[in-house]
Amino acid sequence: MKISFFSAQPYDKIFFNRYNQTGLELDFKEPQLTEETVGLVDNAEAVCVFVNDKVNASVCKQLAEKGVKVIALRCAGFNNVDLEAAKLNGLRVCRVPAYSPEAVAEHAVTMILTLNRKTHKAYNRVREQNFSLDGLLGFNVHGKTVGVIGTGNIGKAFCRIMLGFGCRVLAFDIIANKEMEAAGVEYQPLIEVLKADIVSIHCPLNEQTKHLVNAETIGMMKKGVMLINTSRGAMIDTRAVIDGLKSGHIAYLGIDVYEQEEHLFFRDLSGTVIQDDEIQRLMSFSNVLITAHQAFFTDEALSQIAVTTLNNTLQLIKSGNLTGQAALLV
Ligand code: NAI
């Protein structure tokens, strides 16, 4: 039984080989899965995909024609898979719903602290023997109001950390979480949550949340807001955020995800001319911190992703069903 991995990186090979006790043959392919590359699938029962693989209706149809039974996402988000088409073609789709929410939550906090205390600038300065503090002024996170959009696995972990910092935590979710309420999180309408000093996004990308941050919602935010997005790039209308940064309404932006990231992230483009003018504009702001979708990237998370993905895939190939229902999408 073979599982073909798309968008495979060196660390995928290391972690999946380390934890493979399933007897599955692991076939690693570097290209993204698209209509153009689906032809690379050869005699595999399953394909394993990541955040920027494009599993649309045509890809689903071709996978089914090639005898593939399972699409295993080695991530939590699944906005890049046409679930209806997968169902129509008799494919089972699974994901890793909660591999290490703390990994992503801690990265969001890293972004807050870096943007605020400018440790990246201080590091470079001190290396140049420049010990001046000019321009490094930050603020106490303690006592600030933090707005959290989406309090699922990652949002909850993030709320706990921010409560520990001594912040007032406001949250917006379609379902309020009792455990979080008991811990001190205040659920409020989105319009109130957007008024916080720091706004961090932790909900999934779908029709309702696409461009949740746009010119209108930025206008509802506090002038001088810090905006953090570790969720999915399209949650933010990049053009509107650039305007918000130019006007000073957004004082800090931390993004681990970017709407057009599929053309950029997970590869070394240092020797090329980047054609994407919006990312170039974002990179030109001194108050913008961009990381290339690395929030999940911890030893613990990669271990959990490998174990869960392999077990789910084997179970689905053998029985066509899964015990962990949160992992089974179709
Ligand atoms: P989850 O499914 O545990 O929680 C999502 C929460 O968002 C739920 O509480 C849900 O009720 C809420 N929600 C759904 N629609 C909403 C809406 N319209 N408005 C407000 N809240 C809404 O998901 P989890 O594990 O917390 O992950 C959240 C997102 O983080 C994923 O969908 C994924 O896009 C992203 N992610 C990013 C990673 C990275 O490396 N940057 C790694 C893992 C996930």
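Computed from heavy atoms alone, side chains included, the values below leave out hydrogens, waters and symmetry copies. All figures in this text were calculated on a predicted structure; none of them were measured in a lab. Sequential numbering from 1 along the given sequence is applied to the chain's residues. Remember, it's 1-based here, ligands and their atoms both numbered in the order they're listed.
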Are any of the protein's heavy atoms under 4.0 angstrom from atom 2 (O) of ligand 1, yes or no?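 No, no protein heavy atom sits under 4.0 Å from atom 2 (O) of ligand 1.
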So, for atom 23 (O) of ligand 1, does the protein have a heavy atom nearer than 4.0 Å?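 So far as the 4.0 Å threshold goes, atom 23 (O) of ligand 1 is out of reach of every protein heavy atom.
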Does the side chain of [X] come under 3.5 Å of the side chain of [Y] through a donor N or O and an acceptor N or O?
X    : Y    : answer
H202 : S200 : yes
S303 : Y19  : yes
S284 : Q280 : no
T22  : N20  : yes

Within-cut-off N or O pair, G77 and ligand 1, under 3.5 Å: no
Based purely on interatomic distance, does D256 place a nitrogen or oxygen under 3.5 Å from a nitrogen or oxygen of ligand 1?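 Among all N and O atoms of D256, at least one is under 3.5 Å from an N or O of ligand 1.
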Just go through [options] and tell me whose heavy atom is the nearest to [atom].
atom                    : options               : value
atom 37 (C) of ligand 1 : V104, T230, I149      : T230
atom 33 (C) of ligand 1 : K156, R232, Q294      : R232
atom 17 (C) of ligand 1 : N177, T209, L212      : T209
atom 21 (N) of ligand 1 : A108, C203, G152, P97 : C203

Between F297 and Y11, is the ring centroid distance below 6.0 Å?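 Aromatic pair counts; centres sit under 6.0 Å.
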What part of [X], side chain from CB on, backbone N/CA/C/O, both or neither, has a heavy atom under 4.0 Å from ligand 1?
X    : answer
F78  : neither
N153 : both
T151 : backbone
H293 : side chain
I154 : both
D173 : both
C75  : neither

For F78, is there any backbone N or O sitting under 3.5 Å from a side-chain donor or acceptor partner on R95?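 Here the side-chain-to-backbone pair does not exist.
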Taking A8's backbone N and O only, do any of them form a donor-acceptor pair with D12's side chain (distance below 3.5 Å, no angle check)? no
For ligand 1, is there an atom lying under 4.0 Å from some heavy atom of Y99?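 The answer is yes: ligand 1 sits under 4.0 Å from a heavy atom of Y99.
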Would you sort out whether Q315 and N321 count as a side-chain hydrogen bond (donor to acceptor under 3.5 Å, both in side chains), showing the intermediate values? CA-CA 7 Å; Q315 226 183 108; N321 221 330; over 6 Å; no
Which atoms of ligand 1 have any heavy atom of G150 under 4.0 Å away? 7 (O), 21 (N)
Could you check K61, K54, Q62 and say which one makes a side chain to side chain donor-acceptor pair (under 3.5 Å) with S58?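 One option only clears the test, and that one is Q62.
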Begin from the C-alpha positions of N52 and E261 and carry the test side-chain hydrogen bond (donor to acceptor under 3.5 Å, both in side chains) through to its verdict. CA-CA 8 Å; N52 292 322; E261 70 175 52; 3.2 Å; yes
